[in-house]
Amino acid sequence: MNLDHNQNQPEFWDGHGCALCETEQFSEAVAAFDRAIALDPSYCKAWNNRGNALCGLKRYAEALDSYDRAVAMQPDYHQAWFNRGLLFAEMQAYGNALENFEQAIALSPDPRYLHAREDIWLKRKLISA
């Protein structure tokens, strides 16, 4: 497969963006995810990963919009619900974080999701004490 052909696939740009996120090159990653989305606006994974990169840049409103688009297109996308929860936790909106973790857990009882929910439950308990 030649590189030019790969660059016409949203998966190519999504993978490239993920690799950039791993090295904390978040601005470049957003651009890569934008290219994936330009090729396929319904590519939920790229919307979710774009949200992750925007979180890395602390552009939370834009990140939330990207996660919202991912779950609107694919309501059973548990990773996007989990990432929404992490974003709300980062913003100390613990009630919203808990709701999103609950949604992710209902779709997939991943141990990371369960741990995140317990962590938020504890933070809320400490705040109200």
Side-chain angles (χ1 to χ4, degrees):
M1 221 181 270
N2 73 26
L3 191 60
D4 292 338
H5 177 70
N6 286 344
Q7 291 183 11
N8 293 324
Q9 302 300 316
E11 296 83 2
F12 172 86
W13 291 106
D14 184 61
H16 185 60
C18 288
L20 289 165
C21 280
E22 287 177 17
T23 58
E24 298 185 7
Q25 297 177 68
F26 299 119
S27 294
E28 296 86 350
V30 171
F33 297 129
D34 285 345
R35 290 192 70 176
I37 291 163
L39 290 167
D40 181 359
S42 67
Y43 191 48
C44 297
K45 190 175 175 190
W47 281 108
N48 178 58
N49 291 331
R50 182 178 189 271
N52 294 342
L54 289 163
C55 281
L57 294 168
K58 300 195 182 320
R59 289 165 49 186
Y60 298 134
E62 292 171 82
L64 182 58
D65 181 61
S66 290
Y67 295 138
D68 286 348
R69 287 173 184 252
V71 297
M73 285 183 250
Q74 188 178 333
D76 65 345
Y77 192 7
H78 57 90
Q79 295 98 333
W81 287 107
F82 177 66
N83 288 332
R84 279 181 100 243
L86 292 175
L87 171 59
F88 282 120
E90 178 71 21
M91 297 177 351
Q92 298 181 346
Y94 298 127
N96 290 344
L98 201 53
E99 289 173 20
N100 282 272
F101 292 149
E102 292 289 353
Q103 183 67 36
I105 290 164
L107 295 165
S108 175
D110 185 299
R112 292 172 302 152
Y113 303 170
L114 296 165
H115 178 75
R117 178 184 63 186
E118 296 308 312
D119 186 49
I120 292 301
W121 182 84
L122 182 61
K123 284 179 179 167
R124 288 181 76 191
K125 194 85 166 158
L126 291 171
I127 288 170
S128 65

Problem set entry | Qualifying ring pair (Phe, Tyr, Trp, His ring centres under 6.0 Å) pairs, either residue in residues 92-111, two or more places apart | Phe82-Phe101
For this session: Supply the atom-to-atom distance Asn83 CG to Phe88 CZ, rounded to the nearest 0.5 angstrom.
Result: 12.0 Å
For this session: Enumerate the residue pairs fulfilling salt bridge (charged side-chain N to carboxylate O under 4.0 Å, His left out) with a member in residues 15-26, sequence neighbours excluded, ordered by first and then second residue.
Result: none
Exercise. If you take all heavy atoms of Pro75 and Gln103, which pair is closest and at what distance?
Worked result: O-NE2, 4.5 Å
Side-chain donor/acceptor pairs under 3.5 Å, residues 113-122, sequence neighbours excluded:
unit_1, atom_1, unit_2, atom_2, d
Tyr113, OH, His78, ND1, 2.7
Arg117, NH1, Glu102, OE1, 3.4
Asp119, OD2, Lys123, NZ, 3.3

Problem set entry | Residues forming a salt bridge (charged side-chain N to carboxylate O under 4.0 Å, His left out) with Glu28, sequence neighbours excluded | none
Seminar exercise, completed: Residues joined to Leu107 in its hydrophobic cluster, side chain to side chain under 4.5 Å directly or through other members, sorted by chain and number, are Val71, Trp81
For this session: Under the side chain to side chain donor-acceptor pair (under 3.5 Å) rule, collect the residues that match up with Glu99, sequence neighbours excluded.
Result: none
Exercise. Minimum heavy-atom separation for Cys21 to Ala29, with atom names?
Worked result: SG-CB, 3.6 Å
Exercise. Taking only residues two or more places apart in sequence or in another chain, which ones pass side chain to side chain contact (heavy atoms under 4.5 Å, CB included) with Asp65?
Worked result: Arg69
Name the atoms and distances for all side-chain donor-acceptor pairs under 3.5 Å in residues 31-41, with sequence neighbours left out.
unit_1, atom_1, unit_2, atom_2, d
Asp34, OD1, Arg50, NE, 2.6
Asp40, OD1, Ser42, N, 3.0
Asp40, OD1, Ser42, OG, 2.8

For this session: Over all heavy atoms of both residues, which pair between Tyr77 and Ala70 is shortest? Give the atoms and the distance, please.
Result: CD2-CB, 4.1 Å
For this session: Evaluate the ring planes of Trp13 and His16, with Trp represented by its six-membered ring, and classify them as parallel (under 30°), tilted (30 to 60°) or perpendicular (over 60°).
Result: perpendicular
Exercise. For the atom pair CD (Glu90) and NZ (Lys58), what is the distance rounded to the nearest 0.5 Å?
Worked result: 5.5 Å
Exercise. Under a single-linkage rule joining Ile, Leu, Val, Met, Phe, Trp and Tyr whose side-chain heavy atoms are separated by less than 4.5 Å, which residues share a cluster with Val30?
Worked result: Phe26, Leu54, Leu57
Exercise. To the nearest 0.5 Å, how far apart are SG in Cys44 and CD in Gln79?
Worked result: 11.0 Å
Seminar exercise, completed: CG of Asn96 to CG of Asn100, rounded to nearest 0.5 Å, is 7.0 Å
For this session: Scan for ring pair (Phe, Tyr, Trp, His ring centres under 6.0 Å) pairs involving residues 37-61, sequence neighbours excluded, and state none if there are none.
Result: none
Exercise. Could you state the interatomic distance from CG (Leu86) to CE (Met91), rounded to the nearest 0.5 Å?
Worked result: 12.0 Å
Seminar exercise, completed: The complete set of salt bridge (charged side-chain N to carboxylate O under 4.0 Å, His left out) pairs with one or both residues in residues 103-114, sequence neighbours excluded, reads Asp110-Arg112
Exercise. Okay, side chain of Ser108, backbone of Ile105: is any donor-acceptor separation there less than 3.5 Å?
Worked result: no
Exercise. Does the side chain of Asp68 reach to within under 4.5 Å of the side chain of Arg84, using non-hydrogen atoms?
Worked result: yes
Problem set entry | side chain to side chain donor-acceptor pair (under 3.5 Å) against Asp14, all qualifying residues, sequence neighbours excluded | Asn49
